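First up is the structure itself, then whatever we jot down about it.
FYI, side chains are in, hydrogens and waters are out, and symmetry mates aren't considered; it's all heavy atoms of this structure. The structure displayed is predicted, hence computed values, not measured ones. We count ligands from 1, going down the list as the structure has it; atoms in each ligand are counted the same way.
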Amino acid sequence: MTSLQRIGAGLATVALGAVFAAAPAAEGLRQQKLKVHISVDMEGVGGVVTGDQLGPTGFEYGRFREFMTREALAAVDAAKRAGATEIIVADSHGNGQNLLIEQFPAEVRVIRSWPRRLGMMAGIDDTVDAAIFIGYHAGTNNSAGVRAHTFSSANLTRVALNGTNVTEGSWNAAIAGHFGVPVVMMSGDDAAIAEVRKAVGNIEAAETKRSLGFHSALTLTPPAAAALIGERVTSAMGRRQSFQPLKVQAPIVVDVSFKNYMPSEILAYLPIFERTDSHSIRFRAKDMVEASAIMSFIGDYRPDITP
Ligand SMILES: [Zn+2]
């Protein structure tokens, strides 16, 4: 709504009197609640360049989960200062158990481990007002970007929504968009930011590092990355109304290409999957919630899953 339209709406309220009397009160209530969802990955965290930082067997992982936590906390603190009344943080990297949860303020709720519905966006629904991505990385079809991949570097070579290649960032923005939630800010390397902005528009962003290759970057130090994230979240929350939810046209066509040959052969036994070439399948979903569930199934199902 533009300010002129707002003035127009105000005049209509005056003219129609009691019929619209409840509207300002409802608006007041809406302004009091401010719920923020923060999805946190690790490849885009300042300083991360190789697997040595990214998982429990890496020699630097212990320190880097601390840095990842500090970046998430910088976003939490800035969101709180901007008036957030409820904050959900989704630990969305690797085993989903990276964030040092004891460091978060008591009112924050943290989502941990997998599998879970809505994946990296678990916890989002239509009561959320703004989504933030921390530590995000570029997609698998990008020739730039530290550790660029989409969902699984080991298994997938392409994921596309309605014919357009997606990154985890743009896929997750589409899930948020399903619930009417705009992504307002992200952090990661320059390649990751450029890709998500191409999909969702000019959101606020904290560039934690410049990609010099798949395993190299010119990076900010951890304290500088956290400080920049705080600044950009503050700016984003200040102009929250200027961001639009990403809406994907339904029914949604999802194309998935695998590194190996067998997944597409076996999945094509199911009538919901069409095999489009030796390494690829296509499916249709009624919305992003369904698309996300099917993608999770493709990624997580194995007959020997326990317990
Ligand atoms: Zn990750």
Side-chain angles (χ1 to χ4, degrees), residues 37-73 75 88-101 110-116 118-124 131-142 144-159 165-173 175-176 183 185-193 195-196 205-209 211 213-217 219 222 225-226 229 259 292 295-296 298-300:
H37 184 280
I38 305 176
S39 173
V40 189
D41 202 349
M42 195 172 194
E43 287 85 347
V45 166
V48 169
V49 280
T50 69
D52 290 331
Q53 295 84 46
L54 287 168
T57 58
F59 81 100
E60 288 196 306
Y61 174 68
R63 282 166 52 238
F64 275 79
R65 62 194 293 221
E66 176 85 40
F67 303 150
M68 176 193 189
T69 301
R70 282 189 214 164
E71 290 197 4
L73 273 174
I88 293 177
V89 175
D91 189 331
S92 299
H93 168 78
N95 60 19
Q97 300 159 73
N98 310 279
L99 294 168
L100 301 168
I101 58 173
V110 182
I111 290 173
R112 311 185 78 206
S113 190
W114 324 93
R116 60 199 195 201
L118 300 180
M120 301 172 79
M121 296 305 285
I124 200 153
I132 290 172
F133 299 156
I134 297 299
Y136 269 45
H137 53 81
T140 190
N141 307 108
N142 198 328
V146 173
R147 301 287 292 197
H149 68 274
T150 305
F151 299 126
S152 166
S153 48
N155 298 318
L156 302 183
T157 58
R158 177 180 182 239
V159 179
N165 291 353
V166 292
T167 69
E168 290 171 19
S170 51
W171 175 277
N172 290 338
I175 292 176
V183 178
M185 184 273 175
M186 73 174 286
S187 72
D189 70 17
D190 54 329
I193 291 167
E195 271 189 314
V196 172
E207 185 184 300
T208 58
K209 57 197 169 194
S211 158
F214 191 80
H215 273 161
S216 179
T219 183
I229 286 167
K259 199 174 215 170
S292 167
M295 278 305 293
S296 294
I298 291 173
D300 291 328

Option from Asp91, Val89, Asn98 for which side chain to side chain contact (heavy atoms under 4.5 Å, CB included) with Val40 holds: Val89

Sum of protein N, O or S atoms, each under 2.8 Å from the Zn ion (ligand 1): 4

Quick one, Phe133 and Met121 - any side-chain contact, counting heavy atoms below 4.5 Å? yes

So, taking the atom named NE2 in His137 and the one named CG in Leu54, what distance separates them when rounded to the nearest 0.5 Å? 9.0 Å

Should Val45 and Arg70 count as side-chain neighbours, where that means a heavy-atom distance under 4.5 Å? no

Is the side chain of Gln53 donor-acceptor paired with the backbone N or O of Thr50 at a distance under 3.5 Å, no angle test? yes

For Arg112, give me all partners under salt bridge (Lys or Arg N to Asp or Glu O under 4.0 Å), at least two apart in sequence or on another chain. none

